[in-house]
Amino acid sequence: MRPDKYRATATAAILLAVAVIFCWYYYTHDPSDGHAPRCLFKFISGFDCPGCGSQRALHAFLHGKLAQAWHYNPFIFFAVPIAAFYIILESGRDSWPRLHARAVHPAILATILISIIAWWLIRNI
């Protein structure tokens, strides 16, 4: 295996381990109990940030309550897979140079940024 293949494999293994620990934590701990970190933006401004409700949504999702998870924050159903795609893509950028070049095209990144900002504004109207 080439060194860039080792890096991609090692990154994927580390990300998988972190994801398993993260999911285990949110499966066993309910953020609604008040022990989870609070959103600093909401605390200061009173408005929801794009991620507000994500912890409760993840907890509900892991317990199979998809409608409740959607109610807490529907944006995570789109943001988490996209973020995972970009993390994996970045770790294997030497292995998939054409895919990487297309995925980081300014138009695609601008679309993602505009989507986040639009969600931020829509949820606070």
Sequence neighbours excluded, the answer for ring-ring contact (aromatic ring centres under 6.0 Å, His included) partners of Phe61 is Phe77
Return the set of residues passing ring-ring contact (aromatic ring centres under 6.0 Å, His included) with His63 (not counting sequence neighbours), or none when no residue passes.
-> Tyr27, His59
Run the numbers on Cys23 and Leu62 for side-chain contact (heavy atoms from CB on, under 4.5 Å), then give the verdict.
-> CA-CA 7 Å; Cys23 288; Leu62 291 172; 4.1 Å; yes
Assess whether atom CZ of Phe85 is packed by more than 12 heavy atoms of other residues, nucleotides or ligands within 6.0 Å.
-> yes
Which atoms form the tightest heavy-atom contact between [X] and [Y], and what is the distance?
| X | Y | answer |
| --- | --- | --- |
| His29 | Pro31 | O-CD, 3.3 Å |
| Pro50 | Arg123 | O-NH1, 3.4 Å |
| Ser54 | Ile76 | OG-CG2, 3.2 Å |

Going by heavy atoms in the side chains, are Pro37 and Gln55 under 4.5 Å from each other?
-> yes
Residue list, salt bridge (charged side-chain N to carboxylate O under 4.0 Å, His left out) with Asp48, at least two apart or on another chain | Lys42
Would Ile108 end up clustered with Ile116 when hydrophobic side chains under 4.5 Å apart are linked, directly or stepwise?
-> yes
Leu15, Trp24: one ILVMFWY side-chain cluster at the under-4.5 Å cut-off?
-> no
Is it true that a side-chain atom of Asn73 and a backbone atom of Ala57 form a donor plus acceptor pair closer than 3.5 Å?
-> no
Could you go step by step and tell me if Trp120 and Phe75 meet the ring-ring contact (aromatic ring centres under 6.0 Å, His included) rule?
-> CA-CA 10 Å; Trp120 197 346; Phe75 198 66; over 10 Å; no
Without hydrogens or angle criteria, can the side chains of Gln68 and Tyr72 be said to hold a donor-acceptor pair below 3.5 Å?
-> yes
